[in-house]
Amino acid sequence: MTAFPYTIHATDGAARCGTLSTSHGDIQTPAFMPVGTAATVKALYMDQVKATGADIILGNTYHLMLRPGAERVKRLGGLHKFSTWQGPMLTDSGGFQVWSLSKLRKMTEEGVKFRSHIDGSEHNLTPERSIEIQSDLLGADISMQLDECTPFGCSEEEARASMELSLRWGARSKQAFGTRDTQALFGIVQGSVFENLRRESAERSIETGYDGYAIGGLAVGEGFEVMCEVLDYTTPHLPTARPRYLMGVGKPIDLVESVARGVDMFDCVLPTRSGRHGQAWSDWGPINIKRAEFVDDDSPLMPELNCPASRDYSKAYLNHLFRSGEYLSAMLLSWHNIAYFQDLTRRMREAIKAGEFAAFRKQFNERWQEGQAQRSGN
RNA sequence: GGAGGGGUGGUCGAGUGGUUAAAGGCACCAGACUGUAAAUCUGGCCGCGAGAGCGUACGUUGGUUCGAAUCCAACCCCCUCCA
(Lines give C-alpha, C1' and ligand atoms only; values in the text may rest on other atoms or scores of the structure.)
Protein backbone atom coordinates (compact mmCIF):
# COMPACT_ATOMS: atom_id res chain seq x y z
CA MET A 1 0.00 0.00 0.00
CA THR A 2 1.56 3.23 -1.14
CA ALA A 3 1.29 6.33 0.93
CA PHE A 4 -0.28 8.53 -1.72
CA PRO A 5 -3.21 7.38 -3.84
CA TYR A 6 -2.96 8.53 -7.44
CA THR A 7 -6.26 8.71 -9.25
CA ILE A 8 -6.27 9.17 -12.99
CA HIS A 9 -9.42 10.97 -14.10
CA ALA A 10 -8.87 11.01 -17.82
CA THR A 11 -6.36 10.16 -20.50
CA ASP A 12 -6.04 11.51 -24.00
CA GLY A 13 -3.46 9.70 -26.05
CA ALA A 14 -0.52 9.33 -23.71
CA ALA A 15 -1.54 12.43 -21.76
CA ARG A 16 -3.05 11.91 -18.34
CA CYS A 17 -5.00 14.03 -15.89
CA GLY A 18 -5.12 12.93 -12.29
CA THR A 19 -4.97 13.70 -8.59
CA LEU A 20 -2.16 12.73 -6.28
CA SER A 21 -3.39 12.86 -2.69
CA THR A 22 -0.98 13.71 0.10
CA SER A 23 -1.50 14.42 3.79
CA HIS A 24 -0.91 18.10 3.05
CA GLY A 25 -3.43 18.23 0.23
CA ASP A 26 -4.10 17.14 -3.32
CA ILE A 27 -1.95 17.71 -6.36
CA GLN A 28 -3.75 18.04 -9.66
CA THR A 29 -1.75 16.66 -12.56
CA PRO A 30 -0.29 17.63 -14.94
CA ALA A 31 1.33 19.73 -12.25
CA PHE A 32 3.98 22.39 -12.30
CA MET A 33 5.94 22.73 -9.07
CA PRO A 34 7.56 26.11 -8.45
CA VAL A 35 11.09 25.73 -7.17
CA GLY A 36 11.71 26.96 -3.65
CA THR A 37 15.32 25.94 -3.25
CA ALA A 38 16.14 27.73 -0.03
CA ALA A 39 12.68 27.39 1.53
CA THR A 40 11.43 30.27 -0.59
CA VAL A 41 10.10 30.60 -4.08
CA LYS A 42 12.35 33.50 -4.89
CA ALA A 43 10.69 36.92 -4.87
CA LEU A 44 7.25 35.59 -3.94
CA TYR A 45 5.25 35.23 -0.74
CA MET A 46 3.88 31.75 -0.12
CA ASP A 47 0.37 33.22 -0.23
CA GLN A 48 1.03 34.46 -3.75
CA VAL A 49 2.40 31.10 -4.83
CA LYS A 50 -0.69 29.42 -3.46
CA ALA A 51 -2.97 31.93 -5.16
CA THR A 52 -1.45 31.19 -8.56
CA GLY A 53 -2.90 27.70 -8.23
CA ALA A 54 0.31 25.87 -7.35
CA ASP A 55 -0.47 22.74 -5.36
CA ILE A 56 3.08 21.80 -4.45
CA ILE A 57 6.50 23.40 -4.29
CA LEU A 58 10.08 22.18 -4.09
CA GLY A 59 12.78 22.49 -1.48
CA ASN A 60 16.40 21.50 -1.75
CA THR A 61 18.40 19.14 0.47
CA TYR A 62 21.79 20.54 -0.45
CA HIS A 63 20.96 24.20 0.14
CA LEU A 64 18.97 23.66 3.32
CA MET A 65 21.54 21.31 4.87
CA LEU A 66 24.14 24.04 4.45
CA ARG A 67 21.90 26.87 5.56
CA PRO A 68 20.11 27.04 7.90
CA GLY A 69 20.91 23.35 8.53
CA ALA A 70 18.49 20.42 8.36
CA GLU A 71 18.52 19.81 12.13
CA ARG A 72 17.67 23.45 12.72
CA VAL A 73 14.71 23.28 10.34
CA LYS A 74 13.57 20.21 12.28
CA ARG A 75 13.86 22.07 15.61
CA LEU A 76 11.90 24.94 14.10
CA GLY A 77 9.03 22.64 13.27
CA GLY A 78 9.91 21.28 9.83
CA LEU A 79 10.00 22.82 6.39
CA HIS A 80 6.24 23.39 6.13
CA LYS A 81 6.03 25.39 9.32
CA PHE A 82 9.39 27.08 8.77
CA SER A 83 8.46 28.35 5.32
CA THR A 84 4.72 28.74 6.02
CA TRP A 85 3.93 26.60 2.97
CA GLN A 86 1.17 24.33 4.18
CA GLY A 87 0.62 22.39 0.97
CA PRO A 88 2.55 19.40 -0.30
CA MET A 89 6.30 19.79 -0.50
CA LEU A 90 8.76 17.83 -2.57
CA THR A 91 12.47 17.97 -1.87
CA ASP A 92 15.27 17.28 -4.25
CA SER A 93 17.90 14.91 -2.93
CA GLY A 94 20.99 16.89 -3.86
CA GLY A 95 21.44 14.79 -6.98
CA PHE A 96 21.23 17.79 -9.26
CA GLN A 97 24.04 19.50 -7.36
CA VAL A 98 26.20 16.45 -8.14
CA TRP A 99 25.97 17.77 -11.67
CA SER A 100 25.70 21.53 -11.26
CA LEU A 101 28.43 21.75 -8.60
CA SER A 102 30.64 19.16 -10.23
CA LYS A 103 33.72 21.26 -9.53
CA LEU A 104 32.96 21.34 -5.82
CA ARG A 105 32.30 17.67 -5.18
CA LYS A 106 33.91 14.29 -5.01
CA MET A 107 31.93 11.14 -5.75
CA THR A 108 32.41 7.75 -4.17
CA GLU A 109 30.28 4.65 -3.96
CA GLU A 110 29.29 5.76 -0.48
CA GLY A 111 27.95 9.12 -1.61
CA VAL A 112 29.02 12.65 -2.49
CA LYS A 113 31.42 14.92 -0.66
CA PHE A 114 30.56 18.55 -1.32
CA ARG A 115 32.51 21.67 -0.59
CA SER A 116 29.98 24.25 0.38
CA HIS A 117 29.62 27.02 -2.19
CA ILE A 118 28.94 29.32 0.74
CA ASP A 119 31.98 28.85 2.97
CA GLY A 120 33.98 25.99 1.46
CA SER A 121 33.24 23.64 4.34
CA GLU A 122 33.03 19.94 3.55
CA HIS A 123 29.77 18.00 3.71
CA ASN A 124 28.90 14.37 3.09
CA LEU A 125 25.73 13.38 1.40
CA THR A 126 24.91 9.70 1.23
CA PRO A 127 21.61 8.20 0.11
CA GLU A 128 20.81 7.50 3.76
CA ARG A 129 21.66 11.01 4.91
CA SER A 130 19.70 12.53 2.04
CA ILE A 131 16.61 10.60 3.07
CA GLU A 132 17.14 11.51 6.71
CA ILE A 133 17.33 15.18 5.76
CA GLN A 134 14.38 15.12 3.39
CA SER A 135 11.95 12.83 5.15
CA ASP A 136 12.87 13.07 8.83
CA LEU A 137 14.29 16.55 9.28
CA LEU A 138 12.69 18.71 6.60
CA GLY A 139 9.56 16.60 6.60
CA ALA A 140 9.02 16.48 2.85
CA ASP A 141 5.84 14.88 1.56
CA ILE A 142 7.76 13.56 -1.41
CA SER A 143 11.44 12.74 -1.11
CA MET A 144 13.68 11.99 -4.04
CA GLN A 145 16.26 9.23 -4.11
CA LEU A 146 19.84 10.42 -4.25
CA ASP A 147 21.04 10.10 -7.83
CA GLU A 148 23.64 11.36 -10.19
CA CYS A 149 22.29 13.67 -12.85
CA THR A 150 24.29 12.19 -15.72
CA PRO A 151 25.97 14.88 -17.79
CA PHE A 152 24.97 15.07 -21.44
CA GLY A 153 27.56 14.03 -23.98
CA CYS A 154 28.99 11.09 -22.06
CA SER A 155 29.60 7.72 -23.67
CA GLU A 156 27.22 4.81 -23.27
CA GLU A 157 29.69 3.15 -20.89
CA GLU A 158 29.84 6.25 -18.73
CA ALA A 159 26.08 6.61 -18.86
CA ARG A 160 25.66 3.00 -17.78
CA ALA A 161 28.08 3.36 -14.88
CA SER A 162 26.27 6.51 -13.77
CA MET A 163 22.90 4.81 -14.13
CA GLU A 164 24.05 1.78 -12.14
CA LEU A 165 25.28 4.05 -9.37
CA SER A 166 21.96 5.85 -9.28
CA LEU A 167 20.16 2.50 -9.13
CA ARG A 168 22.29 1.38 -6.18
CA TRP A 169 21.78 4.72 -4.46
CA GLY A 170 18.08 4.36 -5.18
CA ALA A 171 17.90 0.98 -3.50
CA ARG A 172 19.74 2.38 -0.48
CA SER A 173 17.43 5.39 -0.43
CA LYS A 174 14.46 3.05 -0.44
CA GLN A 175 15.99 0.96 2.34
CA ALA A 176 16.56 4.06 4.44
CA PHE A 177 13.09 5.39 3.70
CA GLY A 178 11.36 2.14 4.62
CA THR A 179 7.59 2.29 4.56
CA ARG A 180 5.73 5.38 5.61
CA ASP A 181 2.07 6.29 5.86
CA THR A 182 2.18 9.98 5.13
CA GLN A 183 5.30 10.40 3.04
CA ALA A 184 6.38 9.18 -0.37
CA LEU A 185 9.65 8.35 -2.09
CA PHE A 186 10.25 8.80 -5.81
CA GLY A 187 12.90 6.95 -7.78
CA ILE A 188 14.78 8.56 -10.65
CA VAL A 189 15.30 7.00 -14.06
CA GLN A 190 18.61 7.84 -15.66
CA GLY A 191 20.35 6.49 -18.76
CA SER A 192 21.16 9.65 -20.67
CA VAL A 193 20.10 9.43 -24.33
CA PHE A 194 20.41 5.64 -24.64
CA GLU A 195 17.17 3.80 -25.14
CA ASN A 196 18.32 0.48 -23.71
CA LEU A 197 19.66 2.21 -20.61
CA ARG A 198 16.50 4.22 -20.06
CA ARG A 199 14.42 1.07 -20.28
CA GLU A 200 16.70 -0.86 -17.98
CA SER A 201 16.77 1.99 -15.49
CA ALA A 202 12.98 2.13 -15.52
CA GLU A 203 12.57 -1.61 -15.10
CA ARG A 204 15.07 -1.92 -12.30
CA SER A 205 13.64 1.13 -10.52
CA ILE A 206 10.23 -0.49 -10.66
CA GLU A 207 11.73 -3.61 -9.07
CA THR A 208 12.93 -1.46 -6.19
CA GLY A 209 9.46 0.00 -6.03
CA TYR A 210 8.70 3.68 -5.56
CA ASP A 211 5.63 5.84 -5.02
CA GLY A 212 6.43 7.74 -8.18
CA TYR A 213 8.99 7.76 -10.95
CA ALA A 214 11.06 10.68 -12.04
CA ILE A 215 12.93 11.07 -15.27
CA GLY A 216 16.25 12.75 -14.60
CA GLY A 217 19.20 13.80 -16.67
CA LEU A 218 17.20 15.67 -19.29
CA ALA A 219 17.30 19.32 -20.33
CA VAL A 220 21.02 19.26 -19.66
CA GLY A 221 22.10 20.20 -23.16
CA GLU A 222 20.69 17.47 -25.39
CA GLY A 223 18.13 19.77 -26.98
CA PHE A 224 14.37 19.72 -27.43
CA GLU A 225 14.17 17.05 -30.15
CA VAL A 226 16.39 14.58 -28.33
CA MET A 227 14.55 15.16 -25.07
CA CYS A 228 11.27 14.33 -26.78
CA GLU A 229 12.80 11.18 -28.24
CA VAL A 230 14.04 10.06 -24.84
CA LEU A 231 10.58 10.61 -23.40
CA ASP A 232 9.07 8.69 -26.31
CA TYR A 233 10.95 5.58 -25.34
CA THR A 234 11.05 6.08 -21.56
CA THR A 235 7.52 6.81 -20.33
CA PRO A 236 6.08 3.60 -21.86
CA HIS A 237 8.24 1.65 -19.41
CA LEU A 238 6.92 3.49 -16.37
CA PRO A 239 3.92 2.22 -14.38
CA THR A 240 0.69 3.86 -15.53
CA ALA A 241 -0.68 3.86 -11.99
CA ARG A 242 2.03 6.07 -10.51
CA PRO A 243 2.94 9.68 -11.21
CA ARG A 244 5.77 10.46 -13.63
CA TYR A 245 7.89 13.46 -12.87
CA LEU A 246 10.19 15.07 -15.44
CA MET A 247 12.83 16.78 -13.37
CA GLY A 248 13.94 20.33 -14.10
CA VAL A 249 11.74 20.94 -17.13
CA GLY A 250 11.07 23.34 -18.63
CA LYS A 251 9.87 25.86 -21.13
CA PRO A 252 6.13 25.95 -21.80
CA ILE A 253 6.57 24.01 -25.05
CA ASP A 254 8.57 21.38 -23.16
CA LEU A 255 5.69 20.97 -20.73
CA VAL A 256 3.10 20.55 -23.45
CA GLU A 257 5.16 18.07 -25.44
CA SER A 258 6.10 16.12 -22.31
CA VAL A 259 2.50 15.86 -21.16
CA ALA A 260 1.73 14.55 -24.64
CA ARG A 261 4.28 11.83 -23.87
CA GLY A 262 2.76 10.87 -20.55
CA VAL A 263 4.51 13.09 -17.99
CA ASP A 264 2.49 14.23 -14.96
CA MET A 265 4.74 16.52 -12.95
CA PHE A 266 7.35 19.17 -13.60
CA ASP A 267 9.55 21.57 -11.76
CA CYS A 268 11.74 24.29 -13.17
CA VAL A 269 13.55 27.42 -12.03
CA LEU A 270 12.81 29.07 -15.35
CA PRO A 271 9.71 31.08 -14.39
CA THR A 272 11.33 32.55 -11.31
CA ARG A 273 14.84 32.95 -12.66
CA SER A 274 13.88 34.45 -15.97
CA GLY A 275 11.35 36.58 -14.10
CA ARG A 276 14.21 38.07 -12.12
CA HIS A 277 16.03 38.55 -15.40
CA GLY A 278 13.28 40.48 -17.13
CA GLN A 279 11.47 37.78 -19.05
CA ALA A 280 7.74 37.06 -19.05
CA TRP A 281 6.44 33.78 -20.50
CA SER A 282 3.50 33.28 -22.81
CA ASP A 283 2.11 30.76 -25.30
CA TRP A 284 4.22 32.57 -27.89
CA GLY A 285 7.40 32.19 -25.88
CA PRO A 286 9.38 34.64 -23.79
CA ILE A 287 8.74 38.37 -23.74
CA ASN A 288 11.83 40.40 -22.87
CA ILE A 289 10.09 43.12 -20.94
CA LYS A 290 13.17 45.36 -21.01
CA ARG A 291 12.87 45.82 -24.76
CA ALA A 292 12.47 49.36 -26.04
CA GLU A 293 9.17 48.44 -27.71
CA PHE A 294 7.48 48.34 -24.29
CA VAL A 295 8.40 51.75 -22.94
CA ASP A 296 5.05 53.18 -24.03
CA ASP A 297 3.00 49.97 -24.01
CA ASP A 298 0.04 50.55 -21.73
CA SER A 299 -1.31 47.00 -22.06
CA PRO A 300 -0.91 44.33 -19.36
CA LEU A 301 0.93 41.06 -19.95
CA MET A 302 -2.15 38.86 -19.87
CA PRO A 303 -5.41 40.50 -18.88
CA GLU A 304 -7.22 37.17 -19.07
CA LEU A 305 -5.10 35.68 -16.29
CA ASN A 306 -6.47 35.92 -12.76
CA CYS A 307 -3.19 37.24 -11.43
CA PRO A 308 -2.59 40.89 -10.51
CA ALA A 309 0.91 40.83 -11.98
CA SER A 310 -0.40 39.62 -15.32
CA ARG A 311 -3.55 41.69 -15.33
CA ASP A 312 -3.17 44.99 -13.48
CA TYR A 313 0.25 46.34 -14.44
CA SER A 314 1.17 47.72 -17.85
CA LYS A 315 4.15 46.48 -19.80
CA ALA A 316 5.41 50.05 -19.74
CA TYR A 317 5.42 49.95 -15.93
CA LEU A 318 7.12 46.55 -15.81
CA ASN A 319 9.65 47.83 -18.33
CA HIS A 320 10.27 50.88 -16.16
CA LEU A 321 10.70 48.77 -13.01
CA PHE A 322 13.17 46.45 -14.67
CA ARG A 323 15.22 49.26 -16.15
CA SER A 324 15.25 50.99 -12.82
CA GLY A 325 16.50 47.88 -11.07
CA GLU A 326 13.51 47.89 -8.74
CA TYR A 327 12.79 44.81 -6.60
CA LEU A 328 9.19 44.91 -7.65
CA SER A 329 10.21 44.02 -11.19
CA ALA A 330 11.50 40.61 -10.10
CA MET A 331 8.48 40.12 -7.88
CA LEU A 332 5.86 40.94 -10.50
CA LEU A 333 7.54 39.04 -13.34
CA SER A 334 8.11 35.96 -11.19
CA TRP A 335 4.51 36.20 -10.05
CA HIS A 336 3.23 36.43 -13.59
CA ASN A 337 5.43 33.57 -14.75
CA ILE A 338 4.35 31.22 -11.98
CA ALA A 339 0.73 32.15 -12.62
CA TYR A 340 1.18 31.56 -16.34
CA PHE A 341 2.80 28.14 -15.80
CA GLN A 342 -0.04 27.18 -13.45
CA ASP A 343 -2.59 28.35 -15.95
CA LEU A 344 -0.86 26.33 -18.65
CA THR A 345 -1.10 23.13 -16.62
CA ARG A 346 -4.71 23.96 -15.77
CA ARG A 347 -5.54 24.34 -19.47
CA MET A 348 -3.82 21.05 -20.20
CA ARG A 349 -5.81 19.30 -17.46
CA GLU A 350 -9.05 20.65 -18.84
CA ALA A 351 -8.13 19.73 -22.39
CA ILE A 352 -7.30 16.17 -21.33
CA LYS A 353 -10.56 15.87 -19.40
CA ALA A 354 -12.46 17.16 -22.40
CA GLY A 355 -10.67 14.80 -24.76
CA GLU A 356 -9.32 17.82 -26.62
CA PHE A 357 -5.66 17.61 -25.77
CA ALA A 358 -4.55 16.95 -29.35
CA ALA A 359 -6.25 20.14 -30.49
CA PHE A 360 -4.79 22.08 -27.58
CA ARG A 361 -1.33 20.75 -28.37
CA LYS A 362 -1.65 21.67 -32.03
CA GLN A 363 -2.77 25.19 -31.26
CA PHE A 364 -0.05 25.63 -28.68
CA ASN A 365 2.64 24.50 -31.13
CA GLU A 366 1.31 26.91 -33.72
CA ARG A 367 1.47 29.79 -31.28
CA TRP A 368 4.92 28.83 -30.12
CA GLN A 369 6.25 28.66 -33.66
CA GLU A 370 4.54 31.90 -34.53
CA GLY A 371 6.34 33.55 -31.63
CA GLN A 372 9.66 32.07 -32.65
CA ALA A 373 9.24 33.27 -36.21
CA GLN A 374 8.35 36.73 -34.97
CA ARG A 375 11.41 36.92 -32.74
CA SER A 376 13.82 35.69 -35.38
CA GLY A 377 12.35 38.28 -37.74
CA ASN A 378 13.25 41.07 -35.32
C1' G B 1 40.42 92.98 -11.72
C1' G B 2 44.12 88.96 -9.66
C1' A B 3 45.53 83.62 -8.96
C1' G B 4 44.66 78.67 -10.20
C1' G B 5 42.11 74.43 -12.50
C1' G B 6 39.53 72.47 -16.62
C1' G B 7 36.94 71.53 -21.64
C1' U B 8 37.68 63.64 -24.46
C1' G B 9 32.69 59.55 -27.97
C1' G B 10 24.92 59.71 -25.18
C1' U B 11 27.00 60.49 -20.14
C1' C B 12 30.78 60.16 -16.24
C1' G B 13 35.76 59.48 -16.80
C1' A B 14 41.05 57.31 -18.13
C1' G B 15 44.65 58.66 -21.45
C1' U B 16 49.81 63.58 -21.73
C1' G B 17 53.87 62.55 -29.06
C1' G B 18 53.27 56.80 -32.62
C1' U B 19 51.13 50.03 -30.54
C1' U B 20 44.51 55.30 -29.73
C1' A B 21 38.41 54.68 -33.29
C1' A B 22 40.55 56.32 -27.98
C1' A B 23 40.55 52.10 -21.04
C1' G B 24 36.67 51.52 -17.58
C1' G B 25 31.71 52.58 -15.42
C1' C B 26 26.81 54.01 -16.56
C1' A B 27 23.03 54.69 -20.11
C1' C B 28 21.30 52.64 -24.53
C1' C B 29 20.31 48.21 -28.22
C1' A B 30 19.80 43.02 -28.21
C1' G B 31 20.42 37.85 -26.59
C1' A B 32 20.75 33.73 -23.09
C1' C B 33 18.82 31.37 -18.74
C1' U B 34 15.34 24.29 -17.96
C1' G B 35 15.77 18.84 -10.48
C1' U B 36 18.75 27.71 -8.63
C1' A B 37 26.75 28.90 -6.54
C1' A B 38 22.38 33.35 -11.03
C1' A B 39 18.06 40.29 -8.83
C1' U B 40 23.00 36.72 -13.29
C1' C B 41 25.74 36.21 -17.68
C1' U B 42 26.95 37.28 -23.00
C1' G B 43 27.26 40.35 -27.34
C1' G B 44 26.72 45.27 -29.62
C1' C B 45 27.27 50.44 -28.90
C1' C B 46 30.95 57.31 -34.37
C1' G B 47 29.27 56.84 -39.83
C1' C B 48 29.34 53.87 -44.39
C1' G B 49 30.53 48.70 -45.82
C1' A B 50 29.05 41.59 -45.95
C1' G B 51 34.31 42.24 -45.47
C1' A B 52 39.20 44.01 -46.20
C1' G B 53 38.66 48.83 -45.47
C1' C B 54 37.32 53.98 -46.05
C1' G B 55 35.68 58.54 -43.81
C1' U B 56 35.22 61.58 -39.63
C1' A B 57 36.57 62.49 -34.22
C1' C B 58 39.17 64.49 -28.16
C1' G B 59 36.09 73.22 -27.26
C1' U B 60 37.64 76.51 -31.96
C1' U B 61 41.41 78.16 -35.29
C1' G B 62 46.29 78.04 -36.57
C1' G B 63 51.26 76.07 -35.74
C1' U B 64 55.50 72.47 -34.43
C1' U B 65 56.45 67.31 -36.03
C1' C B 66 57.52 61.92 -40.49
C1' G B 67 53.35 61.51 -36.84
C1' A B 68 49.17 65.41 -32.13
C1' A B 69 43.58 64.03 -27.77
C1' U B 70 48.63 64.53 -26.06
C1' C B 71 53.59 69.99 -27.46
C1' C B 72 53.03 75.64 -28.78
C1' A B 73 49.92 80.22 -29.80
C1' A B 74 45.49 82.87 -30.01
C1' C B 75 40.46 82.74 -29.16
C1' C B 76 35.71 80.82 -26.89
C1' C B 77 33.44 78.59 -22.69
C1' C B 78 33.19 76.41 -17.53
C1' C B 79 34.75 75.94 -12.30
C1' U B 80 37.37 77.37 -7.60
C1' C B 81 39.67 80.93 -4.56
C1' C B 82 41.11 86.14 -3.63
C1' A B 83 39.62 91.29 -4.30
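Values in this document were obtained by computation on a predicted structure and should not be read as measured data. Chain letters run A, B, ... following the sequence lines, proteins first and then strands; every chain starts at 1.
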Tabulate protein N/O versus nucleotide N/O from nucleotides 25-28 of chain B, keeping only pairs under 3.5 Å, one per line.
unit_1: B/C28; atom_1: OP1; unit_2: A/R323; atom_2: NH1; d: 3.3

Problem - Per-nucleotide protein contact string for nucleotides 35-41 of chain B (B base, S sugar-phosphate only, - none; heavy atom under 4.0 Å) - result: BBBBBB-
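In this structure, the side chain to side chain contact (heavy atoms under 4.5 Å, CB included) partners of A/Q28, at least two apart in sequence or on a different chain, are A/H9, A/T19, A/D26, A/D55, A/R349. Under the side chain to side chain contact (heavy atoms under 4.5 Å, CB included) criterion, A/T234 pairs with A/V189, A/R198, A/I215, A/V230, not counting sequence neighbours. Applying the side chain to side chain contact (heavy atoms under 4.5 Å, CB included) criterion to A/E229, with sequence neighbours excluded, gives no partner residue.
From A/D232, atom CG reaches atom CE of A/M227 across 10.5 Å, with rounding to the nearest 0.5 Å.
Residue pairs meeting the side-chain hydrogen bond (donor to acceptor under 3.5 Å, both in side chains) criterion with at least one member in residues 356-372 of chain A, sequence neighbours excluded: A/E257-A/R361, A/E257-A/N365, A/D283-A/R367, A/W284-A/E370, A/K362-A/E366. Pairs of residues two or more places apart, or lying in two chains, that qualify as side-chain hydrogen bond (donor to acceptor under 3.5 Å, both in side chains) and include a residue from residues 304-318 of chain A are A/S299-A/K315, A/N306-A/R311, A/S310-A/H336. Identified under the ring pair (Phe, Tyr, Trp, His ring centres under 6.0 Å) test for residues 96-149 of chain A, with sequence neighbours left out: A/Y62-A/F114, A/Y62-A/H117, A/H63-A/H117, A/F96-A/W99. Applying the salt bridge (charged side-chain N to carboxylate O under 4.0 Å, His left out) test to every pair with at least one member in residues 5-21 of chain A, sequence neighbours left out, gives these pairs: A/R16-A/D264. Applying the ring pair (Phe, Tyr, Trp, His ring centres under 6.0 Å) test to residues at least two apart or on different chains, none of the pairs has a partner in residues 230-250 of chain A.
Put simply, CD on A/Q279 is 12 Å from C1' on B/A30, counting in whole angstrom units.
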Donor-acceptor pairs under 3.5 Å, side chain of residues 36-45 of chain A to any protein atom, not counting sequence neighbours: which ones?
none

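Of the residues in residues 161-177 of chain A, none has a non-hydrogen atom less than 4.0 angstrom from any atom of RNA chain B.
Within the structure, every side-chain polar atom (N or O) of A/N288 is placed at least 4.0 Å from both OP1 and OP2 of B/A30.
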